[in-house]
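In the text below, chain A, chain B and the rest are named by the order of the sequence lines, each starting its count at 1. All heavy atoms count here, side chains included; hydrogens, waters and symmetry mates do not.
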Number of protein chains: 2
Amino acid sequence: MQLRMTNQREMILRELVKNKQHFTADELYDIVKKLMPRISLATVYRNLEILSEAGIIGKLEISGRQKRFDYDPEDHDHIYCVVCQRVDNLNIDRTGDEAKRLALVEGYAVSGYRLEVIGICQNCQNKEKAKEKKQ
Amino acid sequence: MQLRMTNQREMILRELVKNKQHFTADELYDIVKKLMPRISLATVYRNLEILSEAGIIGKLEISGRQKRFDYDPEDHDHIYCVVCQRVDNLNIDRTGDEAKRLALVEGYAVSGYRLEVIGICQNCQNKEKAKEKKQ
DNA sequence: CTACAATTAGTATTGATTATTAATAGTAGG
DNA sequence: CCTACTATTAATAATCAATACTAATTGTAG
C-alpha cells in the first residue's frame with residue numbers, strides 16, 4: 001500500500017518537519033491555511049493520522065491534553081511545559097528493565113512504555129523571573 | 001478549607017475505594033446510580049475532580065484516553081492493557097535521575113514525570129490463547 | 001426559625017476529533 | 001485525447017468526553 005502524496009498531504013508534512021515543533025492539528029491548520037487557503041481542518045486531521053499510521057511522523061498523546069504530532073517518527077520520550085504547553089524531545093536510554101520486571105508481577109505482557117517528563121521550559125522560567133522583579 | 005462530605009460525595013468515594021479499580025467517571029456513575037438513582041453524571045464528574053484536588057484520590061490522565069480515577073492518591077506509575085483498557089498500579093522506584101539530567105539540557109525545570117507501561121493483561125492474553133486454539 | 005452558602009439535578013454548551021457526503025482530482029487503459 | 005475508476009478533498013454534521021450554567025435543594029450557623 002503505497003502512500004500517495006497529494007498537495008495537501010505534502011504541505012502538511014513539509015510544514016510540520018520544517019518548523020520542528022510538536023504542533024496540534026489546529027495549529028498546523030492555521031499555518032497551512034496561509035499557504036493553501038481552502039484546505040479543510042478535517043483534511044489536516046485525516047492526513048496527520050495517515051502519516052503517523054505510515055510511520056512518517058509520530059503521534060503524541062500526552063495525558064489530558066490535545067494530540068500533537070512529531071516530526072521525528074523514532075521512538076523517544078518527551079518533556080513538556082505545564083505553563084505554555086510546549087513539547088520537546090528527550091533521548092533517554094530505553095532499557096526499562098525494572099518496568100518489565102514489575103509488569104510480570106501483574107501478569108502483563110509488556111510491549112512498551114511512555115515517559116512524559118513534566119516541568120517549566122526556559123522561556124517560561126525567564127518570564128516568571130521578569131515578573132518577580134517587577135513586584 | 002474543610003471538605004464537606006455530602007451523601008453523593010461520600011458514595012462516590014466509597015464505591016471507588018471499595019472496588020479498587022481505576023474507574024472512569026461514567027463507569028462510576030453507573031455503579032453509584034444503582035444505589036442513588038437520582039444522582040447526576042455532572043455530580044460524579046465534579047466530585048471526582050474535587051476529591052482528587054483535595055488529594056483524597058488520584059486522577060489518571062492516560063495519553064489519548066478517557067480520564068480515570070485512582071483509589072490510591074500516592075504518587076505511582078501505571079500499566080494499562082491496550083485490549084481491554086484495564087489499568088493497574090505499579091511501584092517503580094522514582095529516582096528519575098537520568099530524566100532530570102536530560103531535562104537540564106533542554107533548559108527545563110523538572111517537577112515530575114509520568115510513566116505509563118503498555119501491554120496486554122493476563123485476562124486478555126488468556127482470551128487470545130483460547131481463540132488461537134479454536135482456529 | 002431564618003438567612004446564607006454550598007451543593008445538587010438536569011440540561012446546555014464546549015472543544016477536540018471523527019464521520020459523512022457530494023464534488024473534485026488524479027490515473028490507467030484504450 | 002477520452003473514459004471509467006478510485007482516492008481525496010472541502011464542507012459540514014455528528015460524536016463524545018468534559019465542563020458550565022441555573023434554578024431548586026440541602027445543610028448549617030447564628
Side-chain angles (χ1 to χ4, degrees), chain A residues 1-16 21-54 56-70 80 84-87, chain B residues 1-16 21-54 56-70 80 84-87:
Chain A
M1 58 131 211
Q2 168 101 326
L3 190 66
R4 192 144 98 186
M5 263 302 159
T6 62
N7 291 336
Q8 289 86 338
R9 191 167 296 162
E10 196 183 3
M11 179 74 79
I12 290 163
L13 178 58
R14 177 155 16 116
E15 290 305 312
L16 178 63
Q21 281 182 54
H22 300 79
F23 287 122
T24 60
D26 58 306
E27 284 170 354
L28 211 41
Y29 172 62
D30 286 340
I31 291 170
V32 172
K33 205 167 43 170
K34 283 177 191 151
L35 305 162
M36 199 180 249
R38 305 210 40 172
I39 199 169
S40 158
L41 177 59
T43 299
V44 176
Y45 268 104
R46 184 167 20 76
N47 281 307
L48 286 170
E49 204 57 44
I50 288 169
L51 288 167
S52 73
E53 204 63 37
I56 296 171
I57 62 173
K59 181 160 46 161
L60 212 74
E61 303 185 281
I62 292 204
S63 310
R65 306 253 305 272
Q66 208 177 337
K67 273 183 200 162
R68 290 179 180 271
F69 294 86
D70 196 332
Y80 68 88
C84 71
Q85 319 281 315
R86 172 200 174 97
V87 177
Chain B
M1 58 127 210
Q2 168 101 329
L3 190 66
R4 192 145 98 187
M5 263 303 161
T6 63
N7 290 337
Q8 289 87 337
R9 190 167 295 163
E10 196 182 3
M11 178 73 79
I12 290 163
L13 177 59
R14 177 155 16 115
E15 289 305 311
L16 179 64
Q21 282 182 54
H22 300 79
F23 287 122
T24 60
D26 57 308
E27 283 170 354
L28 209 42
Y29 171 61
D30 287 339
I31 292 170
V32 172
K33 204 166 48 169
K34 283 178 190 151
L35 306 162
M36 198 179 249
R38 305 212 40 173
I39 199 168
S40 158
L41 177 59
T43 300
V44 176
Y45 268 104
R46 186 167 17 77
N47 280 308
L48 285 171
E49 205 57 47
I50 289 168
L51 287 167
S52 73
E53 204 63 36
I56 297 171
I57 63 174
K59 181 161 44 163
L60 212 73
E61 303 185 280
I62 293 203
S63 308
R65 306 250 308 270
Q66 209 177 336
K67 273 184 202 162
R68 291 179 179 271
F69 294 87
D70 196 333
Y80 69 86
C84 72
Q85 318 281 317
R86 173 199 173 96
V87 177

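Counting only residues at least two apart or in different chains, salt bridge (Lys or Arg N to Asp or Glu O under 4.0 Å) contacts with residues 30-39 of chain A are absent.
In this structure, A:R65 does not pair ionically with B:E61, as no charged nitrogen and carboxylate oxygen lie closer than 4.0 Å.
Distances shorter than 4.0 Å separate none of the side-chain N or O atoms of A:Q8 from OP1 or OP2 on C:dA25. Close to C:dA9, at under 4.0 Å from its OP1 or OP2, lies a side-chain N or O of B:T43. Between B:T6 and C:dT8 there is a side-chain N or O to OP1 or OP2 distance below 4.0 Å.
With distances taken from any side-chain atom of A:I39 to the nucleotides D:dA10, D:dT8, C:dT8, the minimum falls on D:dA10.
For A:T43, the side-chain hydrogen bond (donor to acceptor under 3.5 Å, both in side chains) test picks out A:R46, with sequence neighbours left out. Partners of B:R86 according to the side chain to side chain contact (heavy atoms under 4.5 Å, CB included) rule, which considers only residues two or more places apart in sequence or in another chain, are A:Y108, B:C81, B:C84, B:D88, B:C121. Applying the side chain to side chain contact (heavy atoms under 4.5 Å, CB included) test to A:E27 and every residue at least two apart in sequence or in another chain returns A:F23, A:T24, A:R68.
Heavy-atom nearest nucleotides on DNA chain D were determined for A:R38 and for A:I50, and the one closer to the 5' end corresponds to A:I50.
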Notebook entry, point to check: Where along nucleotides 14-29 of chain D does protein come under 4.0 Å, by heavy atom, of base (B) or sugar-phosphate alone (S), with - for untouched nucleotides?
Noted result: ---SBBB---------
Exercise answer: donor-acceptor pairs, residues 8-15 of chain B side-chain atoms, under 3.5 Å, sequence neighbours excluded:
residue	atom	partner	partner atom	Å
B:R9	NE	B:N47	OD1	2.6
B:R9	NH1	B:R4	O	2.7
B:R9	NH2	B:N47	OD1	3.0
B:E15	OE1	B:K18	NZ	3.4
B:E15	OE2	B:K18	NZ	3.3

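Rounded to a whole Å, the CD1 atom of B:I12 is 12 Å from the C1' atom of C:dA9.
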